[in-house]
Protein chains: 4
Amino acid sequence: MRVSDKHQKITQAAIKVFARKGFFNARISDIAKEAKVADGTIYLYFNNKYDILISLFEEEIGKIILKTKLLLEKETHPVEMLMLFAKQHLNLLKEHRELVVVLQMELRQSNEFIQEYRNTKFVEYIDIVSEIIHKGQDEGVFRAEIMPGIIKRAYFGALDEMTRLWILSPQPHYTLDEAAVQICDVFLNGIVIK
Amino acid sequence: MRVSDKHQKITQAAIKVFARKGFFNARISDIAKEAKVADGTIYLYFNNKYDILISLFEEEIGKIILKTKLLLEKETHPVEMLMLFAKQHLNLLKEHRELVVVLQMELRQSNEFIQEYRNTKFVEYIDIVSEIIHKGQDEGVFRAEIMPGIIKRAYFGALDEMTRLWILSPQPHYTLDEAAVQICDVFLNGIVIK
Amino acid sequence: MRVSDKHQKITQAAIKVFARKGFFNARISDIAKEAKVADGTIYLYFNNKYDILISLFEEEIGKIILKTKLLLEKETHPVEMLMLFAKQHLNLLKEHRELVVVLQMELRQSNEFIQEYRNTKFVEYIDIVSEIIHKGQDEGVFRAEIMPGIIKRAYFGALDEMTRLWILSPQPHYTLDEAAVQICDVFLNGIVIK
Amino acid sequence: MRVSDKHQKITQAAIKVFARKGFFNARISDIAKEAKVADGTIYLYFNNKYDILISLFEEEIGKIILKTKLLLEKETHPVEMLMLFAKQHLNLLKEHRELVVVLQMELRQSNEFIQEYRNTKFVEYIDIVSEIIHKGQDEGVFRAEIMPGIIKRAYFGALDEMTRLWILSPQPHYTLDEAAVQICDVFLNGIVIK
DNA sequence: GATGAATGAGCTTTCATTCAT
DNA sequence: GATGAATGAAAGCTCATTCAT
């Protein structure tokens with residue numbers, strides 16, 4: 001058995017348990033049980049409970065960034081790229097619901113270490129948006145007075161809030177696609193040169 | 001000393017402590033110390049630790065909603081109203097930094113009880129936005145195809161993400177006003193009829 | 001209002017509360033509520049929680065001893081007297097159920113102070129039995145080889161165990177009178193000279 | 001170390017501590033210290049403080065019942081059997097003083113859970129007496145009008161009260177054997193057919 | 001005397017982490 | 001590497017008692 005197998009099993013178990021119970025209410029023994037390993041085994045792969053959250057975050061967000069960038073390579077038009085980003089972001093919920101819950105909820109702790117970490121990795125993800133905006137401005141498609149550093153966050157925040165809505169309401173009023181279309185509509189309308 | 005004094009003192013102390021250490025890492029004795037009361041005194045005013053968070057949330061968000069609505073009464077034009085909402089939301093940070101941290105962080109965590117509670121009161125706040133959008137559509141200022149139920153969340157989410165940035169980075173690249181202006185610019189451009 | 005009124009009210013309230021919840025699970029505030037006085041008022045009449053139990057015990061057992069002795073004055077024959085004692089003892093349950101529960105249960109704590117107290121007062125009560133046995137032996141009715149110091153306890157213990165049965169089982173198989181008759185029958189048969 | 005070792009160590013420690021301080025005044029840390037384990041270890045073997053008392057009771061009374069029944073198998077005459085029961089009951093004090101204190105004191109207190117539990121196992125013990133009485137009646141040795149259901153309790157109560165005396169007075173006036181002989185004398189005299 | 005808000009010591013229980021096997 | 005029994009620090013909460021009013 002490769003070392004990474006156990007590591008993976010524990011990470012995946014932690015995602016499930018953190019999503020279900022929250023970081024603080026999750027017990028190491030819950031994760032161990034879910035991963036079908038002994039409690040002590042977890043400490044062969046992680047330094048402590050926080051480390052599991054941090055590692056999980058680092059690895060999974062890395063995968064998402066990679067996947068998103070690959071997807072965007074197929075597009076060249078900034079407008080289409082922003083729409084693709086939105087769809088991809090909202091679609092995470094379908095395929096990785098538990099992970100999204102963890103990213104949404106548990107990474108909001110007012111714990112300096114977590115926040116520092118969250119920021120570093122998130123910036124990489126959000127910067128995908130600012131790069132698209134820059135590209136759009138360079139190509140004369142987006143308004144020059146738009147500040148990518150602000151709008152990348154606004155765009156991400158808007159999508160993120162929609163995600164939160166779906167996580168919390170089991171019976172949402174809107175579909176993911178409707179939301180994606182609406183949000184892109186407003187943002188694009190707001191930033192393109194007409 | 002009026003009864004409400006102790007209640008107030010504990011609430012304000014809890015905001016400080018929760019903002020500093022997070023809900024789970026905050027100890028009752030921390031709050032008691034900060035409020036300059038005995039540990040047991042807290043239980044004369046609150047049922048348990050959660051109850052402090054819930055009460056705090058209910059009271060403070062109530063004040064914010066009231067204040068925001070009062071402020072908006074002075075405006076009649078939907079565009080101005082949305083801009084006022086944005087400024088007011090971002091300004092909360094200046095006057096009530098610790099409270100905003102608690103609302104941002106601790107009330108987003110995946111505790112069912114908190115989430116359920118949070119939802120009802122939060123909806124009231126966010127609905128201020130959708131009401132403005134409705135009004136704008138009725139007056140023929142905003143595009144009819146905009147769905148207020150989605151855009152209210154997108155708008156709030158965008159502002160909220162900016163707030164988070166300021167909470168986490170002590171030295172932000174942008175001022176609050178810059179951000180407010182930019183976000184309003186994009187959104188309004190995106191939703192007004194030209 | 002006489003001082004003793006408050007004292008009485010608290011004592012009676014304590015009997016009810018101790019019977020219902022047990023000494024340790026009873027709170028001073030429960031007793032205060034039941035007695036319709038403030039918590040602090042209790043400390044004007046009693047030194048502490050144990051003191052309530054002790055006082056209650058001393059006063060109530062005193063009343064019982066007095067009542068029992070008065071009743072026995074009407075009888076002269078040792079056999080009849082023992083039977084009367086038994087009936088009287090078992091009858092306490094009917095008229096003072098809560099008090100009997102407290103005496104039965106709460107005075108069994110392995111608390112030296114309580115036990116010492118219990119012993120002193122109880123001896124006075126149980127000695128009523130040994131005095132009757134002595135009298136019976138002097139009159140040639142009871143066997144001389146019977147040791148009153150042992151049999152008084154056996155007799156009391158037998159009756160006491162029946163009491164416990166009624167306290168614990170809401171639907172007992174036997175009536176109080178049946179039990180009294182049976183126990184007297186056996187004991188008297190066992191100690192009289194035939 | 002076998003699992004049962006820790007369980008046994010904790011049980012025996014609990015008996016000592018409960019006997020010394022009483023159930024409510026005994027702290028978990030007292031038991032842990034006495035058992036030479038960590039506080040938390042206790043919770044690997046017991047659910048809570050009550051559970052220790054209940055388990056202890058179940059196990060120990062079970063042993064006593066077994067031992068008593070084995071002992072009685074050697075006798076066939078009802079009179080001898082009752083005498084043997086009495087001796088055995090009073091002898092428990094010599095060999096298991098602390099356990100007897102717990103059974104006498106702590107398990108008589110008005111906790112509903114304990115009472116309910118106590119009843120079932122205790123009945124099994126006391127029923128040893130009623131079975132002997134039945135046997136004696138069947139064999140025409142004991143009077144037919146004796147009600148075993150009542151007299152079993154009277155007999156037990158008489159012995160139990162003697163036990164209490166020895167627990168409380170370090171310097172008793174009578175020996176255990178004297179007491180056993182006297183009580184059996186009276187009871188047997190009272191129930192045999194002459 | 002009477003009140004009841006305030007106190008804070010005290011205790012059960014949990015659970016992240018360790019380490020002997 | 002893997003285990004899981006054992007650890008013990010830590011904290012939420014209770015409640016007898018006090019004392020200013």
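Below, chain A is the first sequence line, B the second, and so on; all start at residue 1.
When each of B:Asn25 and C:Asn48 is assigned the nucleotide of DNA chain F bearing its nearest heavy atom, the one mapping closer to the 5' terminus is B:Asn25. Along DNA chain E, the nucleotide nearest C:Val37 and the nucleotide nearest D:Ile28 are compared for position; the residue whose nucleotide lies closer to the 5' end is C:Val37.
In this structure, B:Lys21 places its NZ atom 12 Å from C1' of F:dA10, rounding to the nearest Å. A:Ile31 places its CD1 atom 8 Å from the P atom of E:dA16, with the value rounded to the nearest Å. When rounded to the nearest whole Å, the span between CD1 of A:Ile42 and P of E:dA16 equals 9 Å. We find that CD1 of C:Ile10 is positioned 11 Å from C1' of E:dA2, with the value rounded to whole Å. Between the CG atom of B:Asp51 and the C1' atom of F:dC13 there is a distance of 13 Å, given to the nearest Å. Computed from coordinates, the A:His7 NE2 to F:dG1 P distance equals 13 Å when rounded to whole Å. One interatomic measurement links the two molecules: NZ of C:Lys33 to P of F:dC15, which rounds to 13 Å at whole-angstrom precision. Computed from coordinates, the C:Ile52 CD1 to F:dC15 P distance equals 15 Å when rounded to whole Å.
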Study note, to complete from the structure: Output field dot_bracket for DNA chain E (Watson-Crick or G-U, both distances under 3.5 Å, | for other-strand pairs) contains .||||||||||||||||||||

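As judged by a 4.0 angstrom heavy-atom cut-off over every strand, B:Ala32 is placed among residues making no nucleic acid contact.
Residue D:Lys49 qualifies as enclosed at atom NZ: its count of foreign heavy atoms under 6.0 Å is above 12.
Every residue was checked against the salt bridge (Lys or Arg N to Asp or Glu O under 4.0 Å) condition with A:Lys36, not counting sequence neighbours, and none meets it. Considering only residues two or more places apart in sequence or on other chains, B:Asn48 meets the side-chain contact (heavy atoms from CB on, under 4.5 Å) condition with B:Tyr50, B:Asp51. When the side-chain contact (heavy atoms from CB on, under 4.5 Å) test is applied to D:Ile64, the partners found at least two apart in sequence or on another chain are D:Thr68, D:Gln88, D:Leu92, D:Leu99, D:Leu103, D:Tyr125. In terms of the side-chain hydrogen bond (donor to acceptor under 3.5 Å, both in side chains) criterion, residue partners of A:Glu58 (sequence neighbours excluded) are, by chain and number, A:Tyr117. For C:Lys121, the salt bridge (Lys or Arg N to Asp or Glu O under 4.0 Å) partners two or more places apart in sequence, or in a different chain, are C:Glu124. Residues passing the side-chain contact (heavy atoms from CB on, under 4.5 Å) test with A:Thr163, sequence neighbours excluded: A:His89, A:Leu90, A:Leu93, A:Val100, A:Gln104, A:Ile167.
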Could you go over nucleotides 18-21 of chain E and give all protein N or O partners under 3.5 Å, atom names and distances?
none

Could you go through residues 18-35 of chain D and list every donor-acceptor pair under 3.5 Å that involves a side-chain atom there, pairing it with any protein atom two or more places apart or in another chain?
unit_1, atom_1, unit_2, atom_2, d
D:Arg20, NH2, D:Glu34, OE1, 3.0
D:Lys21, NZ, D:Asp30, OD2, 3.1
D:Arg27, NH2, D:Asp30, OD1, 3.4
D:Asp30, OD2, D:Arg27, N, 3.0

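Here the NZ atom belonging to B:Lys9 is positioned 11.0 Å from the CD1 atom belonging to B:Ile42, to the nearest 0.5 angstrom. Atom CD1 in B:Ile52 sits 7.5 Å away from atom CD1 in B:Ile10 (nearest 0.5 Å).
Closest to the side chain of D:Leu44, out of E:dG1, F:dA16, F:dA6, is F:dA6. Taking every side-chain heavy atom of C:Ala38 into account, E:dG4 is the closest of E:dG4, E:dC15, F:dG4.
Contact annotation: D:Tyr45 side-chain N/O to F:dA6 OP1/OP2 distance is under 4.0 Å. OP1 or OP2 of E:dA2 lies within a sub-4.0 Å distance of a side-chain N or O belonging to C:Lys6.
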